[in-house]
Amino acid sequence: MAATFDEIGKALREHQQFVVLGHVRPDGDALGSQLALGLSLKQLGKNVLIWNEEGVLEKYSFLPRAELLTKPPATAQHFDVVVALDTAIQNRLGNTLAAIASAKLWINIDHHVSNPGYGDLVLIDSDAPETGEIIFRLIKSQGLPMDHDIAENLYAAISTDTGSFQYPKTSARTFEIAAELVRDGDLDVGRISQQLYENYPRRRLELLRELLRTMRFSECGQVATFTLSLNTAAELGVIPEDNEGLIDHLRAVHGVIVAAFFEELSDAKVRVSMRSKDEMIDVCAICQKFGGGGHALAAGARVRGTLEEVEQKVLEETGEAVKRACIS
Ligand code: AMP
Ligand code: MN
Ligand code: MN
């Protein structure tokens, strides 16, 4: 059921046992939003667990109180409230789902246009560039606790999911929220940015070198792709988080409208990651055809098949979409 900030605020105050979840292959928005809401609830005196299938990633281990983010336990637990953040489809909560024995209430807070609205209280704002912005408004409108650590987690969520305040949904409000976080949390923007964007392991660049070797462009140069096989990933010793953001190199090329990245997974599926530079080409619609989802300009799917099969099918759909949009 669609819920207001007030309804969610009331539910948060009324209950005691919480678990805050985010999507698999988490990004800065998922982890930052989870920590921010979790910390705010803890300060209210609630019992809060914060789970993610991967726990905390090396890359985001600098986030304040990152140690609170854990993998779910083997034994399922009972909760009053489960809060799912930044997660377009319920099964993208991964193995955290199996660790929930029961819950009185499910709250779903997200900004993905493809979110079907699972849960009892649902707050989806697809105009929000990140879930972090919705959490900020929830905290402010309901008078929930805010401090330096919460502010830094929200700033990281906002910075990463807007591509450093570049993507089209970035609005005056986004800058106003960021300014308020910097001011009230006394944040060191330079340090946070350095930890987010200038702290990668060397193997990430070595991975980029290999990806660029596989780079291909469509005839007119509007669609650009690269692929990663399990073999290459093993040879380089890369871990899943290493490829976050590398697709932006393809989108950044003049003339490219759609970028697609195909990553072979160990379960006979391929992870498809897509980006678009033009609202006329809705990559969420393309990914939904393959059981995925996301946003119009950034979406993904996990598709059964080999790298070659999945690439061919997805590129066929993409070619059709480009043709329909009559972009030349
Ligand atoms: P990614 O390419 O993995 O960075 O994902 C781009 C956007 O699409 C993110 O907002 C994801 O949450 C969303 N997304 C990625 N994969 C899926 C999927 N399998 N189902 C639904 N949404 C997805
Ligand atoms: Mn996300
Ligand atoms: Mn997000």
Side-chain angles (χ1 to χ4, degrees), residues 20-37 52-54 57 59-60 63 69 84-94 108-118 123-136 153-164 167-170 174 196 211 225-228 240-251 258-263 265 267 269-276 282-305 310 314 318:
V20 182
L21 310 179
H23 61 80
V24 295
R25 296 292 283 262
D27 48 24
D29 188 26
L31 299 181
S33 297
Q34 282 184 263
L35 282 168
L37 182 63
N52 193 288
E53 180 164 298
E54 269 110 318
L57 306 183
K59 178 175 173 210
Y60 291 110
L63 290 173
L69 261 165
L85 298 181
D86 196 43
T87 305
I89 313 179
Q90 199 172 22
N91 72 15
R92 278 185 46 85
L93 293 168
N108 169 3
I109 301 177
D110 189 21
H111 67 129
H112 291 93
V113 66
S114 63
N115 191 312
Y118 58 90
L123 183 55
I124 297 165
D125 179 358
S126 57
D127 291 329
E130 3 63 20
T131 299
E133 196 166 309
I134 310 175
I135 299 300
F136 174 89
N153 276 297
L154 286 177
Y155 184 87
I158 294 173
S159 175
T160 51
D161 238 24
T162 55
S164 305
Y167 298 155
K169 281 182 188 161
T170 308
T174 315
L196 284 173
L211 292 179
T225 64
F226 50 40
T227 60
L228 176 61
E241 68 188 78
D242 291 334
N243 68 46
E244 189 189 342
L246 292 180
I247 191 174
D248 294 338
H249 289 280
L250 293 178
R251 174 163 59 177
V258 181
F261 171 41
F262 301 93
E263 178 191 355
L265 301 175
D267 58 358
K269 287 187 179 173
V270 172
R271 171 175 169 261
V272 182
S273 179
M274 297 189 78
R275 300 289 184 268
S276 167
D282 179 349
V283 287
C284 180
I286 297 173
C287 287
Q288 279 182 308
K289 291 196 172 166
F290 297 96
H295 314 282
L297 301 184
R302 285 174 184 230
V303 188
R304 193 164 292 284
V310 174
V314 171
T318 306

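For ligands, and for the atoms within them, numbers begin at 1 and follow the listed sequence.
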(message) Does either side chain, that of Glu133 or that of Thr174, offer a donor lying less than 3.5 Å from an acceptor on the other one?
(response) yes

(message) Among all the protein's non-hydrogen atoms, which is closest to atom 8 (O) of ligand 1, and how far away is it?
(response) Ala299 CA, 3.3 Å

(message) In the structure I gave you, are the side-chain heavy atoms of Val272 and Phe290 within less than 4.5 Å of one another anywhere?
(response) no

(message) Give the atom numbers and elements of ligand 1 that come within less than 4.0 Å of a heavy atom of Ser273.
(response) 1 (P), 2 (O)

(message) Test side-chain contact (heavy atoms from CB on, under 4.5 Å) on Phe261 and Leu246; report intermediate values, then the result.
(response) CA-CA 9 Å; Phe261 171 41; Leu246 292 180; over 6 Å; no

(message) Between His111 and the Mn ion (ligand 3), is there a contact where an N/O/S atom of the residue lies under 2.8 Å from the metal?
(response) yes

(request) Do me a favour and list the nearest non-hydrogen protein atom to atom 3 (O) of ligand 1 with residue, atom name and distance? (result) Arg271 NH2, 3.1 Å

(request) Flag the pair His111 / Asp161 as yes when at least one side-chain heavy-atom distance between them is below 4.5 Å, and no otherwise. (result) yes

(request) Between Arg275, Arg25, Glu130, His295, flag the one that comes closest to atom 5 (O) of ligand 1 by a heavy atom. (result) Arg275

(request) Could you tell me whether the side chain of Thr87 reaches within less than 4.5 Å of the side chain of Leu21, counting heavy atoms only? (result) no

(request) Taking the side chain as every heavy atom from C-beta outward, state whether Arg92 and His112 have any pair of such atoms under 4.5 Å apart. (result) no

(request) Starting from the Mn ion (ligand 2), look over the N/O/S atoms of His23 and name the nearest one. (result) NE2

(message) To the closest 0.5 Å, what do you measure between CG (Leu196) and NZ (Lys59)?
(response) 7.0 Å

(request) Please write down residue, atom name and distance for the protein heavy atom closest to atom 7 (C) of ligand 1. (result) Ala298 O, 3.4 Å

(request) Taking the side chain as every heavy atom from C-beta outward, state whether Asp27 and Thr160 have any pair of such atoms under 4.5 Å apart. (result) no

(request) Please round to the nearest 0.5 Å and tell me the distance separating atom CG of Leu57 and atom CG of Leu63. (result) 9.5 Å

(request) Taking both backbone and side-chain atoms into account, decide whether Asp27 has an N/O/S atom under 2.8 Å from the Mn ion (ligand 3). (result) no

(request) Would you mind reporting whether His23 and Thr131 have side-chain heavy atoms less than 4.5 Å apart? (result) no

(message) Can you confirm, on distance only, whether ligand 1 has an N/O atom lying under 3.5 Å from any N/O atom belonging to His23?
(response) no

(request) Tell me which part of Ile89 gets within contact of ligand 1: side chain, backbone, both or neither, using heavy atoms under 4.0 Å. (result) side chain

(request) Answer yes or no as to whether an N/O/S atom of Asp161 is found below 2.8 Å from the Mn ion (ligand 3). (result) yes

(request) Just jot down the ligand 1 atoms closer than 4.0 angstrom to any heavy atom of Gly292, in number order. (result) 18 (C), 20 (N), 21 (C)

(message) Counting non-hydrogen protein atoms only, what is the nearest one to atom 20 (N) of ligand 1? Give residue, atom name and distance.
(response) Arg92 CD, 3.2 Å

(request) May I ask which of Arg302, His112, Lys269 has a heavy atom nearer to atom 12 (O) of ligand 1 than the others do? (result) His112

(request) Measure the distance from atom 21 (C) of ligand 1 to every protein heavy atom, then report the residue, atom name and distance (to 0.1 Å) of the closest one. (result) Gly293 N, 3.2 Å

(request) Give the residue, atom name and distance (to 0.1 Å) of the protein heavy atom nearest atom 17 (C) of ligand 1. (result) Gly300 O, 3.3 Å

(message) I need the atoms of ligand 1 closer than 4.0 Å to a non-hydrogen atom of Ala301, numbered in the order shown.
(response) 16 (N), 19 (N)

(message) Could you check whether any side-chain heavy atom of Met274 comes within less than 4.5 Å of a side-chain heavy atom of Val314, counting everything from C-beta outward?
(response) yes

(message) Side chains of Ser273 and Glu263, heavy atoms from C-beta outward: is any pair under 4.5 Å?
(response) no

(request) Could you tell me which atoms of ligand 1, counted from 1 in the order shown, lie closer than 4.0 angstrom to a heavy atom of Gly294? (result) 8 (O), 13 (C), 22 (N)

(request) Compute the angle centred on the Mn ion (ligand 3) spanning OD1 of Asp86 and OD2 of Asp29, and express it rounded to 10 degrees. (result) 90°

